[in-house]
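Just so it is clear: chains get the letters A, B, ... in the order the sequence lines come, proteins before strands, and each one is counted from 1. Values reported hereafter were calculated over all heavy atoms of this structure, with side chains retained and with hydrogens, waters and symmetry mates removed.
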Amino acid sequence: MDTSLLRRINAYCWEVPQQGAMRVPGRLFGSGALIRDLDDMVLEQVSQVAALPGIVRASLAMPDAHWGYGFPIGGVAAFDPDRGGIISVGGVGYDISCGVRTLRTGLSKEDVLSVLPELVDLLATVIPAGVGRGGQLRLSGSELDDVLRLGARWAVAQGYGESRDLEYIEDGGCLSGANPEVVSETAKKRQQDQVGTLGSGNHYLEVQYVDAIYDQAAAFAFGLKEGGVVVSLHCGSRALGHQIGTDYIQILGRAAQKRSLHLPSRDLVCAPIDSKEGRDYYQAMACGVNCALANRQVLGHLVRQAFAEMFPLARLELLYDVSHNTCKVEDHDVDGLRKSLYVHRKGATRSFGPGRQELPAAYRGVGQPVLIGGTMGTASYILAGTVESEAMAWGSACHGAGRAMSRKQATKRWKGKSVLHELEHRGILVRAASQRGVAEEAPGAYKDVDEVVESTHHAGLARKVGRLRPLACIKG
DNA sequence: ATGTAC
C-alpha cells in the first residue's frame, strides 16, 4: 500500500484521513513494513467501515489485518446505540466467536517429547476434525437451545470440565442476551452433532512449549514458565455460526432495502442497534458465541481425557479462553463520559488492561491474557491487555499472524505433503484432516508472527508475556 | 469460516 495516503502518528500507528463519506478517520496499527505490505483493499474496507452510521472515534485495523468480507480481518469498530449506531454481520464474520483456549498441562517439554508420536496419534483419534465432521454428541432440539442460551455453563453442567473453568472464559463462559428463538431451524439442525468438534480451515489443536518469557510478573500470574507445555485450541461455532451469518446477511439486506438505507458496500449489510432486525441479530450472534464457548469447553474436556490416558498425574488447568470474532456491549470512556458501546472485533482479540472488573481476580493485576494463534511452523504468543489499548482501540489487539496470501495462492505455491515433511523434519508432528488444508495453512502463507506481535507490543495494544513453539498439531 | 459452488 502507498503509505503517502496515510498520516504517521508514530512508528506503529497510521491515520487514514477522514474524507468522502467517512464519518471518522481510520487508524492502522503496525510497523512501516507491515503497513507497506498491506493489501489496498484493507485501506478501502477500513474507510468503508468509517462511513457506517454511529461509528465512534475511528475505524481500526490491527497489525495482522488483511482483506475480509465487509470488515477487514483484524478490524475493530465501536458503535453508539444512542447516535444511530449499527450492528453489522460482516463486522463479526461467519465464524462467530472463533477463538483460542489455552490449557496449562504442568508438564515439561522433556516429559512430552518422549511420547510425542503416541500423544499426537491419540489426540487425532479423540478430537473430531475436518469440514462437515460431527462428534460424539447428538443433541436434541431443546438440548441445543440450552447450549445456545448457556454456553460453557451448559457444558460444565453436563460434566465436560470443571466449574473453575468458567471463571477463566470471557463473559464467564456465557454471553447474556442469547435468544435461540431468532436462530433458524436450519442453523440448529446443522449443529446437532457438531458440538465438540474442531472444524477446518485455520482451526487446530496444538501442543506447545514456552520458549521465551518477556514479562516475569505476568507469566507468573498466568502460570507460565520456560519449558512448560500448554495445549491451545483454535476453533469456533462451526455450522451454527456460519448459518446465522448466512441467514442474517439476507434478513438485514432485505431490511436495509425496505428502509432505503444507503450502505458504503453491499458486504457491509447492517441494521440499527435499536431496530427489530438489529436486536434479533445481536441475540442470534450471542447464541453463536455461546455455541463456540460450549464447543471449546467440550474439546478441552476431550484433551484432558487424552492427557489423562498418557499422563495420569497431569492436571490440565484452563489458562484462558478468548473469542476474536464478536460484537459485545462494553463500557468505554468517550470524551470523558462512560458510554455503553457495541464493539465489533473481527479477527481481533479483546485486550483489557489491569483493573477491569471483567477479568478473573488472579489476572486483574496484570491484564487479560491475549492469546495469539500463530502458525503450525512458527510460534504463538501470550500477551497481556493494557490500559493504553482501552484508550486507543477499545481494549483490542491482534488475533494471530494474519494471512499474507489467499488460500488459493497458498495451494498453488505449496503441496500439503511437502509442508508436512518439512515440519516433521523440524520435529513438529502434524495430523491433518486434509492435505489441501495443510497447503492453505502453510506457515509461509502468513505474515511474520514475530513482527505482528512486536508491532502489537510497541503500539501498546498488548504487551508480550511469552512465546510458544509448536510440538504437535491436529489440523482441521 | 462453511454440508469448501443450495
For this session: Specify the separation, in whole Å, of atom CD of A/Gln243 and atom C1' of B/dT4.
Result: 14 Å

For this session: Check every strand shown and say whether A/Glu440 touches a base, only sugar-phosphate, or nothing at a heavy-atom separation below 4.0 Å.
Result: nothing

Problem set entry | Rounded interatomic separation in angstrom, taking CD1 from A/Ile249 and C1' from B/dC6 | 16 Å

Seminar exercise, completed: Comparing A/Gly201 with A/Ser434, nearest DNA chain B nucleotide closer to 5' gives the residue A/Gly201

Problem set entry | Electrostatic pair A/Glu143-A/Lys188, nearest N-O below 4.0 angstrom | no

Problem set entry | A/Glu170/A/Arg101 ion pair, N-O < 4.0 Å | no

For this session: Using whole Å, report how far CZ of A/Arg407 lies from P of B/dT2.
Result: 9 Å

For this session: Look at A/Ser200 and B/dT4 and indicate whether a side-chain polar atom (N or O) is within less than 4.0 Å of OP1 or OP2.
Result: no

Problem set entry | A/His242 NE2 - B/dC6 P separation (whole Å) | 11 Å

For this session: Using a 4.0 Å heavy-atom cut-off across all strands, classify A/Gly93 as base, sugar-phosphate, or nothing.
Result: nothing

Problem set entry | Rounded distance in Å - OH (A/Tyr69) to C1' (B/dT2) | 14 Å

For this session: Check the side chains of A/Glu440 and A/Thr411 for a donor-acceptor pair under 3.5 angstrom, ignoring hydrogens and angles.
Result: no

For this session: Kindly indicate whether a cation-pi arrangement holds for A/Arg304 with A/Phe307, taking the cut-offs as under 6.0 Å to the six-membered ring centre and within 45° of the axis.
Result: no

Exercise. Which whole-number value in Å describes the distance from A/Tyr248 OH to B/dT2 P?
Worked result: 20 Å

For this session: Return the value, rounded to whole Å, for the distance between atom OH of A/Tyr94 and atom P of B/dA5.
Result: 11 Å

Problem set entry | Phosphate OP1/OP2 of B/dT4 contacted by A/Arg436 side-chain N/O (<4.0 Å) | no

For this session: Provide, to the nearest angstrom, the distance between the CG atom belonging to A/Asp247 and the P atom belonging to B/dT2.
Result: 16 Å

